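Report on the following structure.
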2 protein chains.
Amino acid sequence: MKNCFSADETNAQQWLACLQANGYRITEPRRAVVETIATSRQALNPFDVFERARAYYPRLGLVTVYRTIEKLEELGLIQRVHQPTGCQAFVTAFSGHQHLLICQSCGRVEFFNGDVEQMDGLMRAVGANSGFQIQDHWLQLFGVCATCQQKISNDSN
Amino acid sequence: MKNCFSADETNAQQWLACLQANGYRITEPRRAVVETIATSRQALNPFDVFERARAYYPRLGLVTVYRTIEKLEELGLIQRVHQPTGCQAFVTAFSGHQHLLICQSCGRVEFFNGDVEQMDGLMRAVGANSGFQIQDHWLQLFGVCATCQQKISNDSN
DNA sequence: CTCTTTGCAAAAGTTTTGCACGCTC
DNA sequence: GAGCGTGCAAAACTTTTGCAAAGAG
């Protein structure tokens with residue numbers, strides 16, 4: 001198993017290229033939003049993005065954040081993260097099916113590859129038992145990342 | 001594997017008893033909300049509950065639905081269902097960890113027991129690789145239930 | 001120069017809060 | 001009777017829409 005998370009500058013460039021390839025224009029507000037989400041390891045909600053992106057482009061409006069998120073999601077570049085605390089946050093989407101590992105303390109999101117054969121077997125078995133035609137699955141793990149574990153144990157000292 | 005869904009009248013009685021045992025009063029509006037959710041096989045959002053529960057108690061207010069849902073969730077009697085289309089719907093929560101199987105056509109929710117040892121193994125492996133201390137997991141399957149499959153194939157004829 | 005994109009303002013939708021009255025225990 | 005629970009109205013949020021002006025290609 002390998003942690004394949006690697007949000008960085010490269011991502012931002014690719015996303016902008018993808019927007020352009022799909023007939024959308026590249027603008028400063030969009031650059032700021034793309035840069036913000038692509039370089040974050042945390043899932044960010046629209047308001048988080050708005051606040052952070054203003055560091056790159058202060059005149060940015062919240063509406064533009066919503067509209068840009070909509071396009072990035074439509075192009076499959078970002079995905080919504082569902083958590084007990086809410087479902088408004090987004091992170092980079094990787095191609096292929098990925099499972100999420102989310103830190104409940106800092107919101108950091110990592111990805112892991114589930115055992116594909118194992119999941120396929122499970123889906124077939126559940127399908128056969130229930131009569132459902134299974135189309136998709138979500139597997140998410142919640143916990144506390146190594147960094148937050150340290151912080152928590154330090155705070156209690 | 002066994003489908004252990006069985007929402008019915010009995011559930012409603014138990015929920016009311018549970019509310020009472022926790023110091024909450026039993027009232028007609030609460031009866032209506034409890035009855036509605038406990039007897040539904042579909043995940044219902046607050047407005048759905050409001051509309052259906054009015055059949056039992058026409059004077060019901062939407063605010064009371066929100067407040068009752070809050071208490072039922074707090075007591076662990078219902079749980080929120082997260083779906084691509086939204087995360088405002090609730091269904092009966094069964095004790096013990098259950099995985100969800102959700103029909104994307106009618107919203108019907110069924111439960112299945114995952115392979116516990118398998119999931120434990122997965123969680124340990126991911127924990128070891130990532131440094132995360134894993135606390136919880138969500139496994140959900142999405143598909144089309146047998147009834148909806150028939151409807152769809154009939155409609156296309 | 002054309003047409004998309006932007007930010008503001010306002011609207012729409014959802015959830016929460018304040019409060020006087022009513023009902024449960 | 002005491003105090004929780006209810007429904008209405010209003011507030012607080014979040015997300016979407018209309019529009020004139022600015023900017024990308």
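Since the model is a prediction, treat every value here as computed from it, not as a measurement.
One cannot find a donor-acceptor pair under 3.5 Å joining the base of C/dG22 and the side-chain atoms of B/Arg59. Taking 3.5 Å as the limit, the base of C/dC3 and the side chain of A/Arg25 contain a donor-acceptor pair of atoms between them.
Across the interface with DNA chain C, nearest-nucleotide mapping of A/Lys71 and A/Arg54 shows A/Lys71 to be the residue nearer the 5′ end. For the pair B/Tyr24 and B/Phe47, nearest-nucleotide mapping onto DNA chain C gives the more 5' position to B/Phe47.
Of the candidate nucleotides C/dT15, C/dC8, D/dC8, C/dC8 has the atom lying nearest to any side-chain atom of A/Arg67. The side chain of A/Val63 lies closest to D/dT16, out of C/dT16, D/dT16, D/dT6. Out of D/dT15, C/dC25, D/dT6, the shortest distance to the side chain of B/Pro29 is found at D/dT6. With C/dT6, D/dG7, C/dT5 as the candidates, the nucleotide lying closest to the side chain of A/Thr64 is C/dT6. Considering only side-chain atoms of A/Tyr66, the nucleotide from D/dT15, C/dT14, C/dT6 that sits closest is D/dT15.
With hydrogens and angles disregarded, no donor-acceptor distance shorter than 3.5 Å links the side chain of A/Arg25 to the backbone of A/Gln20. The backbone N or O of A/Val126 sits nowhere less than 3.5 Å from a side-chain atom of A/Asn129 that would complete a donor-acceptor pair.
In this structure, B/Ile69 atom CD1 and D/dG5 atom P are separated by 16 Å, rounded to whole Å. The distance between atom OH of A/Tyr57 and atom C1' of D/dA24, rounded to the nearest whole Å, is 12 Å. The CG-P distance, from B/Asn22 to C/dT24, rounds to 20 Å in whole Å. Atom-to-atom, CD of B/Glu70 to P of D/dT6 comes out at 12 Å; the value is rounded to the nearest Å. Note: CG (B/Asn45) to P (C/dT14) measures 8 Å, nearest angstrom. At whole-Å resolution of the value, CZ in B/Arg31 and C1' in C/dT24 are 11 Å apart. Spacing between atom CD of A/Gln88 and atom C1' of C/dT15 amounts to 12 Å, rounded to whole angstrom units. Distance, B/Leu62 CG to C/dG13 P: 14 Å, rounded to whole Å.
Using a 4.0 Å heavy-atom criterion, one finds that A/Phe50 contacts no nucleic acid atom at all. No contact: B/Glu28 has no heavy atom under 4.0 Å from any strand.
Listed pair A/Thr27 / C/dT6 meets the phosphate criterion, a side-chain N or O lying under 4.0 Å from OP1 or OP2. Put simply, A/Gln20 has a side-chain N or O that comes within less than 4.0 Å of OP1 or OP2 on D/dG25. When the side-chain nitrogen and oxygen atoms of B/Arg30 are compared with OP1 and OP2 of C/dT24, none of them lie within a distance under 4.0 Å.
Around CD of B/Glu74, the count of heavy atoms belonging to other residues, nucleotides or ligands within 6.0 Å exceeds 12.
A/Val63 and A/Leu19 end up in different hydrophobic clusters when Ile, Leu, Val, Met, Phe, Trp and Tyr side chains are linked at under 4.5 Å.
A salt bridge between B/Arg108 and B/Glu110 is present, with a side-chain N of the basic residue lying under 4.0 Å from a carboxylate O of the acidic one. A salt bridge does not link B/Glu70 with B/Arg67: every distance from a Lys NZ or Arg NE/NH1/NH2 to an Asp or Glu carboxylate oxygen is 4.0 Å or more.
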